[in-house]
Each structure stands twice: as structure tokens, then as C-alpha cells.
Amino acid sequence: MHRVVALVSAPQASFELGCAAAVFREVPYRFSVCTEEPGPVRTTEGFDMVVTSGLRALDRADTIVVPGWLPINREPTKQVLQALARAHRRGARLVSICSGAYVLAATGLLDGRRAATHWRYADELQRRFPAVQVDPDVLYIDHGDVATSGGSGTGIDLCLQLVRRDHGAAHAARVARQMVMPPHREGGQTQYRTEDQAPVESLGELLDWATDHLAEPLTLQHLAGRANVSPRTLARRFTDQLGVAPGQWLLAQRIAKTRVLLEETELPVETIATKVGLSSATNLRRRFRAALHTTPSAYRRAYQGM
């Protein structure tokens, strides 16, 4: 069992904690919660939760999640920082959601590295920790040993990314389906900001349709016609809502479906290429290597042998 422990503190944002709990609640993970001083922990929503485990729980964790840290100018204690550093030295993965990046930054483990946080907190994080390369726009950044997410709901995207890395795209997709979530959003997509934003029509219905029709030769003009807008308008909506161009998004979905088919079937690469709309085995191999730095056959061996 892969032990995932969330480090909570008052006032704890229950939504961010729930993001991690929902993704890591089932086998092969075992999810639990700890706090520096066991007992009642007040939440930002006004209720208390009783946490019985202290910092020693971090010594047994394979992954540690800091699901937010409020107020953001509160300094973590020496005991918390030492426990996190000790866990990292023995190989535990450290993960933050939203403002939890402040705790990871305070350990020094983000120095010289890119980090994500809620765009509202990005300037303050950069001011307090100038050695950290704060990216206020992305959904999440995964360095392997340390990973950070943007605001609130992007914690689900990051946790699903960790499941994908641990157990493959097919398993992550099953978890996402249970949560009625998109199976994969790239970390480089843009966080949605509410300030100075005019209401826009959601791309959700179009994205769902395109995901179900990847085998077809989808073009920008085809998608724009489906959405009943001009290609220029559709491209702008993709940039505003997803932070990527339509072609980039389509390629990411085709690679994601390729991963699932490699993990769960014995279909030849040529057949998979046709099913995901990449036209040929040669094109699929080229695109797959560019995206994941490995070949389809090596990827299949790695995940079917798990």
C-alpha cells in the first residue's frame, strides 16, 4: 500500500483536503491525516475535525500532501519543517495544493525550481521566497520528488497526475470517472482567473464531443463549425479557458488515449494510431516519444508488467 498523509493545520481549507482524500481514498493508496498537535482542527468553513495523528505519521508516508496553508503569512514551525525535510531525505514525495506551496518553499526544497500556487498568492510567495521560480498561471508542476498545484480545484488535477505516474493513465482515468472529472488536464494549462473576466461560453460540451471522436480527422474549422463560432473565436476561447491552442489540446487527448490503450490492450500500434486519430504508427511513435520521452513498446512493457 502506498501511504498518503495529509498535513493539516488550523484554519484548514476542507475543499483542498477533500481533493486529496477523494483521489487517494482507494487501493492501492491508504489515505490518512495528521497535524502538529493532535486534537480538534478548525476549518475555514467553520466546523472542527478531530485529527488523532501527530507529525510522526509523516515518517511512514510515501507521499505527503499539504492541502493549503492559511493564513499565508504564518510561518511553519521548526518541527514541521524538520519532519518534512526528514521525510524528503528518505524518499517521500512532497505535494502542495494551493497555498500549501508556502510550506514547501519554507523547507528550501523549491529553491531554484518552478512552483505553482493560487494565482492570488503568487506575488506574495515570490516576495517571501525569491529563490523560487513562481509560475502564477499553470495548473500544476510535477518535479517527481516535489509537486505543487495552483488554486484549489487544480489539486485534483495534480493528484490525478500523481496517480497517472504511479499506476498509469488507465487507472487514473478510472479514478477520474468515479469523480466525474476530466481524466487529464496538462499541468501547463492556465488557471482560470475571475478578476476582470467577462462571462464566456464553456467549452465543456465541445471537449466532450471531441474526446469521443478522436479517430476522426478533427480540424480547427471542424471544431469551430461544431461550436458554431469562427475558427479565430474558438482559438481564443481555447487560449482563455485552457491556456493551449486547439491543436495542442487535441494532441494531448490523443496521447492520453494512446496510453490507456497501450496499458489495457494488446492492439498493434498501427491500430491504436487509427483509433486515436494519429493516422499511422510512424506518426504515433514520433508524437509519443516527443510527449513522454519513451517509445510505445517500452511504455506498454513498463505498465503491463506492473
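If you're wondering where the values come from, they're calculated on a predicted model, not measured in any experiment.
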Using only atom types and a distance under 3.5 Å, with no angle test, would you say the side chain of [X] pairs donor to acceptor with the backbone of [Y]?
X: R42; Y: G46; result: yes
X: D62; Y: R3; result: yes
X: R165; Y: Q161; result: no
X: T154; Y: D157; result: no
X: N283; Y: L278; result: yes
X: Q12; Y: S9; result: yes
X: E16; Y: C98; result: no

Write down the atom of [X], the atom of [Y], and the distance for their closest heavy-atom approach.
X: V95; Y: L104; answer: C-CD1, 4.0 Å
X: R300; Y: L262; answer: NE-O, 3.2 Å
X: A57; Y: C34; answer: CB-CB, 3.9 Å
X: V134; Y: Q126; answer: N-OE1, 3.2 Å
X: A106; Y: P76; answer: CB-CG, 4.0 Å
X: G155; Y: C19; answer: C-CB, 4.3 Å

Candidate pair E263 and R164, rule salt bridge (Lys or Arg N to Asp or Glu O under 4.0 Å), full reasoning: CA-CA 11 Å; E263 293 169 21; R164 190 176 302 107; over 6 Å; no
Quick one: [atom1] on [X] to [atom2] on [Y], what's the gap to the nearest 0.5 Å?
X: H213; Y: D208; atom1: NE2; atom2: CG; value: 11.5 Å
X: R285; Y: T294; atom1: CZ; atom2: OG1; value: 12.5 Å
X: I272; Y: E266; atom1: CD1; atom2: CD; value: 9.0 Å
X: L214; Y: K257; atom1: CG; atom2: NZ; value: 5.5 Å
X: F15; Y: I156; atom1: CZ; atom2: CD1; value: 5.0 Å
X: T148; Y: L94; atom1: OG1; atom2: CG; value: 11.5 Å

For the residue pair [X] and [Y], establish whether any side-chain heavy-atom pair is separated by less than 4.5 Å.
X: W249; Y: L207; answer: yes
X: R174; Y: E26; answer: no
X: L234; Y: L206; answer: yes
X: W209; Y: L218; answer: yes
X: H171; Y: D166; answer: no
X: T52; Y: V33; answer: no
X: H118; Y: S99; answer: no
X: S96; Y: W69; answer: no

- request: Taking only Lys NZ, Arg NE, NH1 and NH2, and the carboxylate oxygens of Asp or Glu, determine whether R93 and D145 approach each other closer than 4.0 Å.
  value: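 Answer for the salt bridge query: no.
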Shared hydrophobic cluster for [X] and [Y] (ILVMFWY, side-chain gaps under 4.5 Å):
X: M49; Y: L7; value: no
X: I97; Y: L125; value: no
X: W119; Y: I72; value: no
X: V103; Y: V41; value: no
X: V8; Y: V5; value: no

How about [X]: does its [atom1] atom have over 12 heavy atoms from other parts shown lying under 6.0 Å from it?
X: Q79; atom1: CD; answer: yes
X: R232; atom1: CZ; answer: no
X: R30; atom1: CZ; answer: no
X: D123; atom1: CG; answer: no
X: D212; atom1: CG; answer: yes
X: E205; atom1: CD; answer: no

task: Would you check, one step at a time, whether the test side chain to side chain contact (heavy atoms under 4.5 Å, CB included) holds for Q248 with F238?
output: CA-CA 10 Å; Q248 292 175 289; F238 265 82; over 6 Å; no
message: The test is side chain to side chain contact (heavy atoms under 4.5 Å, CB included); show your working for R113 and I141 and say whether it passes.
response: CA-CA 10 Å; R113 305 168 102 176; I141 297 171; over 6 Å; no
query: Any side-chain donor paired with an acceptor under 3.5 Å for T258 and R287?
result: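 Looking only at side-chain atoms, R287 and T258 do not form any donor-acceptor pair under 3.5 Å.
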message: When you compare the side chains of T282 and S280, does any donor N or O come within less than 3.5 Å of an acceptor on the partner?
response: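 Looking only at side-chain atoms, S280 and T282 do not form any donor-acceptor pair under 3.5 Å.
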- request: Kindly assign one of parallel, tilted or perpendicular to the pair Y303 and Y299, based on the angle between their ring planes and the thresholds 30° and 60°.
  value: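 Geometry flag for Y299 against Y303: tilted rings.
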- request: Carefully, step by step, assess D240 and R237 under the rule salt bridge (Lys or Arg N to Asp or Glu O under 4.0 Å).
  value: CA-CA 5 Å; D240 291 343; R237 287 184 183 176; over 6 Å; no
- prompt: So, for F24 and Y29, is the gap between ring centers shorter than 6.0 Å?
  reply: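 Ring centroids of F24 and Y29 are less than 6.0 Å from each other.
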